[in-house]
Novice: 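Take this structure, written in structure tokens, and hold onto it; I'll ask about it next.
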Amino acid sequence: MGLIDLGHEADPVLTRIVEEDKVKWWKKRNLRLLYLLLYPTCMGIEITSGFDSQMINGLQFIPKWNKYFGNTSSLVKGKVVWNVTGSLLGIISASYNLGAILAVPIVPWVAQKVGRRWSIFIGSCFQCVGAVLQCFSQNSGMYIVARMILGFGIVFCIVSGSAMLGELSYPKERPILTSMFNASWFVGSLIAAGIVVETAKIPSDWSWRLPSLLQACPSLVQIALVFFLPESPRYLISKDRREEAFDILCHYHAEGDRDSLFVKAEMVQIETTIKIELEASKLSWMDMVRTPGMRRRSFLAAAMGLYTQWSGNTLISFYLGSILVMIGYTDTYTKTMINLGNTAWSFVNGTAIAIISPRFKRRTMFLTGAVGMLGVYVAWLVAVRYAVKALDAGTTNKAAGIAVLFFIYFYSPWYNIGNNALAYTYMVEIFPYAERSRGIAIEQFFVRGAGFFTTFINPIGMGAAKWKFLFMYIAMICCEILTIYFFYPETQGRTLEELAFLFEDEATAERATMAVEKEIHQGGDGPVERVEEIGEKGPVVGHGEKV
């Protein structure tokens, strides 16, 4: 467990009640509708990020894009080949993250002021504007500004969308839904890879302008559907709109049963927890460092943000083309097909892992993924060294080149186990409601800051150090393993309110637990009947339509 106290969870009173619900979500009409709406509006938010990363990666294979923004050319096999310089390529790739960094200070205020739905709507509007400007850019400066606008908007959507998933979901499905949030990145990535393969055949600037415009599509879907979603009950309770919150919980968590014991207990738990949180919170950025518990949460958010970008993934996501050239793959079609294949493979294993990973302990999954990434990078380093050595000698080492491709493909399952599948699940779990938006915003600040740094530095580093540049990521993954082991607490198998006081004194957590127990044992028809209903295993719950 490490040398540091990793926190404690409250007594899982409500979790035990949830475990007694044996009715599957697809047999619950209202909950089924809620989840169908949550996918395009919240879970699908990362489709835009995945589309962006893969699009920038794919556009580097398109000669028209390189000629439009490039200022250097070389003669390869009798043909003039245009190239975007390393520094310009770096800032084009990194500008998305730079725009996101600028949005971080105001996003939590907007989310708390106008609610989760409006925050998603505002962010989606920014992304549509950015996509249009990106499509019709006349020079590299306009293109960079357009990408900054895209990045500015995505943070509004990510912070509120990931929080909305955790706050609207039925507790039993919450871990899987929040894990699927990041898995949608691969959906966008796969779509972008396929689009770029086809648009690369267009003999004009529309070969790169069309993918840039199509990046607005996921945001348009969110704009169209987000207000069909109910607002977060926790947001409504924080604004003294108790009846609206209760109606939403009854409708979706109890299929309209206003006498549901579970919903009454859930309502009491949320109300009590938010009241305790707001007693100690001033709803400002200073809350994030005011207490030892919040400082630990902020540290975890920062670490999570850094490691999701400094574990070597950005090297593959943005600069696969450069890596392939390094080991001898120069044909445009071959590179685009390798890229498409890797994207499809990442989508398949990323989606499967997002469904499976939340069923296991969080620390175990994070450690497993990090150790796997370290092994892959060490093996990749050895293989690429021999591939480059052969090319420098004027020959080719096909075995080494194939080994590099294997390890590039083999990397994604290990990354997806922790940093992809559990990133937002973990953020939603470790932060209480009052600070959840700011907590995820801190994580986003470090995600975008680390992403900006790596996407800008990667082409420069690879140009100067070649294959030796991989040593940097090996060192970072080693630091990641140590951080996970010593600092990451376990959060699996609890409701959000049971985790709200993970790093606070147990007396504070006990207040919320006692309120729930009081509702269970004394509410409704009376204490005697209620105790008989609960019995040893808990109350009978589960509202579903007959199938």
Side-chain angles (χ1 to χ4, degrees), residues 30-31 33-46 48 100 103-128 152-170 174 177-178 181 218-253 263 266-267 269-271 273-275 277-278 281-285 287 424 427-428 431-444 496-497 500:
N30 296 342
L31 193 61
L33 176 61
L34 175 65
Y35 290 167
L36 288 175
L37 281 172
L38 280 173
Y39 186 81
T41 54
C42 293
M43 273 185 284
I45 283 170
E46 280 286 9
T48 304
V104 166
I106 64 170
V107 166
W109 177 83
V110 172
Q112 187 61 29
K113 190 74 175 177
V114 301
R116 311 297 198 202
R117 294 183 303 175
W118 272 105
S119 183
I120 294 172
F121 180 84
I122 292 168
S124 298
C125 289
F126 272 109
Q127 289 180 92
C128 288
F152 187 87
I154 193 64
V155 180
F156 286 86
C157 298
I158 287 177
V159 169
S160 291
S162 57
M164 187 78 115
L165 281 173
E167 293 167 5
L168 270 177
S169 308
Y170 190 65
R174 173 181 52 78
L177 291 182
T178 49
F181 180 81
S219 299
L220 289 172
V221 172
Q222 288 150 25
I223 289 171
L225 297 178
V226 70
F227 289 108
F228 287 97
L229 271 181
E231 185 53 87
S232 163
R234 289 163 176 83
Y235 167 77
L236 295 172
I237 289 172
S238 72
K239 296 297 183 182
D240 296 323
R241 295 159 63 180
R242 184 187 186 281
E243 288 303 316
E244 293 178 59
F246 185 70
D247 289 343
I248 290 171
L249 291 174
C250 287
H251 186 72
Y252 292 106
H253 289 189
V263 168
E266 183 181 31
M267 190 74 182
Q269 188 182 59
I270 294 172
E271 284 186 297
T273 303
I274 289 179
K275 180 181 178 181
E277 290 175 23
L278 294 178
S281 173
K282 298 185 182 299
L283 297 179
S284 71
W285 281 104
D287 289 339
Y424 290 102
M427 287 296 97
V428 169
F431 280 97
Y433 168 78
E435 311 300 347
R436 188 164 294 136
S437 292
R438 288 181 180 81
I440 299 173
I442 287 177
E443 186 257 0
Q444 279 295 295
L496 297 183
E497 280 63 43

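These figures come from a predicted structure and were not determined experimentally.
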Novice: Quick check: closest heavy atoms across Leu220 and Cys128, and the distance to 0.1 Å?
Specialist: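 Scanning both residues completely, I find the closest heavy atoms to be CD2-SG, 3.6 Å.
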Novice: Please examine the side chains of Thr273 and Pro432, heavy atoms only from C-beta on, and report whether any two atoms are closer than 4.5 Å.
Specialist: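 No - every pair of side-chain heavy atoms lies 4.5 Å or more apart.
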Novice: Testing the basics here: between Arg116 and Ala111, what is the closest heavy-atom pair and its distance to 0.1 Å?
Specialist: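 The pair with the smallest heavy-atom distance is NH1-CB, 3.9 Å.
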Novice: At their closest point, which heavy atom of Tyr424 faces which heavy atom of Glu443, and how far apart are they?
Specialist: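 Closest approach of Tyr424 to Glu443, heavy atoms only: CE2-OE1, 3.6 Å.
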Novice: CZ of Arg242 to CE of Met267: how many Å apart, nearest 0.5 Å?
Specialist: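 Here the rounded value is 4.0 Å.
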Novice: Could you give the distance from CD1 (Ile106) to CZ (Phe156), rounded to the nearest 0.5 Å?
Specialist: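 With rounding to 0.5 Å, CD1 (Ile106) is 4.0 Å from CZ (Phe156).
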Novice: When you measure from the side chain of Arg234 to the backbone of Glu167, do you find a donor-acceptor pair of N or O atoms at a distance under 3.5 Å?
Specialist: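 Judged by distance alone, yes, a pair lies under 3.5 Å.
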Novice: Can you list the residues that meet the side-chain contact (heavy atoms from CB on, under 4.5 Å) rule with Pro230, with sequence neighbours excluded?
Specialist: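 Testing Pro230 for side-chain contact (heavy atoms from CB on, under 4.5 Å), a comparison that skips the adjacent residues, returns Leu34, Leu168, Ile248, Tyr252.
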Novice: Once rounded to the nearest 0.5 Å, what's the spacing between atom OG of Ser124 and atom CD1 of Ile223?
Specialist: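 Atom-to-atom, Ser124:OG and Ile223:CD1 are 5.0 Å apart.
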Novice: Sequence neighbours excluded, which residues qualify as salt bridge (charged side-chain N to carboxylate O under 4.0 Å, His left out) partners of Glu231?
Specialist: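 Glu231 satisfies salt bridge (charged side-chain N to carboxylate O under 4.0 Å, His left out) with Arg117 once adjacent residues are dropped.
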Novice: Less than 4.5 Å apart, any side-chain heavy atom of Ile270 and any of Phe246?
Specialist: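 A side-chain contact under 4.5 Å is absent here.
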Novice: Looking at Ser119 and Val114, what are the two nearest heavy atoms and their distance?
Specialist: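 Closest approach of Ser119 to Val114, heavy atoms only: N-CG2, 4.2 Å.
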Novice: Could you tell me which non-hydrogen atom of Pro108 sits nearest to which non-hydrogen atom of Trp285, and how far apart they are?
Specialist: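 Answer, listing the atom of Pro108 first, then Trp285: CG-CZ2, 3.6 Å.
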Novice: Is any side-chain heavy atom of Cys42 closer than 4.5 Å to one of Leu229?
Specialist: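 Answer yes - side chains close enough.
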Novice: Rounded to the nearest 0.5 Å, what separation is found between the CZ atom of Arg174 and the CG atom of Leu165?
Specialist: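 Reported value, rounded in 0.5 Å steps: 11.0 Å.
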Novice: How about Phe431 and Ile440: do any of their side-chain heavy atoms sit closer than 4.5 Å?
Specialist: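 Phe431 vs Ile440: side chains apart.
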Novice: In Å, rounded to the nearest 0.5 Å, how long is the span from CD1 of Ile120 to CE of Met164?
Specialist: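 Answer for the CD1-CE pair, Ile120 versus Met164, is 5.0 Å.
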Novice: Please tell me if the side chains of Ser162 and Met427 come closer than 4.5 Å, counting only heavy atoms from C-beta onward.
Specialist: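 SC-SC contact between Ser162 and Met427 ruled out.
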Novice: So, taking the atom named CD in Gln127 and the one named CD1 in Ile122, what distance separates them when rounded to the nearest 0.5 Å?
Specialist: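 With rounding to 0.5 Å, CD (Gln127) is 12.5 Å from CD1 (Ile122).
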Novice: For Lys113, is the NZ atom crowded, meaning more than 12 foreign heavy atoms sit under 6.0 Å from it?
Specialist: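 No, the 6.0 Å shell around NZ holds no more than 12 heavy atoms from other groups.
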Novice: For residues 219-238, which residue pairs pass the ring pair (Phe, Tyr, Trp, His ring centres under 6.0 Å) check, not counting sequence neighbours?
Specialist: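 Qualifying pairs: Trp118-Phe227, Phe121-Phe227.
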Novice: Of the non-hydrogen atoms in Val428 and Gly166, which two are nearest, and what is the gap between them?
Specialist: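 Scanning both residues completely, I find the closest heavy atoms to be CG1-CA, 4.0 Å.
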Novice: Evaluate the side-chain proximity of Val159 to Val104: yes if any heavy-atom separation is below 4.5 Å, no if none is.
Specialist: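 A side-chain contact under 4.5 Å is absent here.
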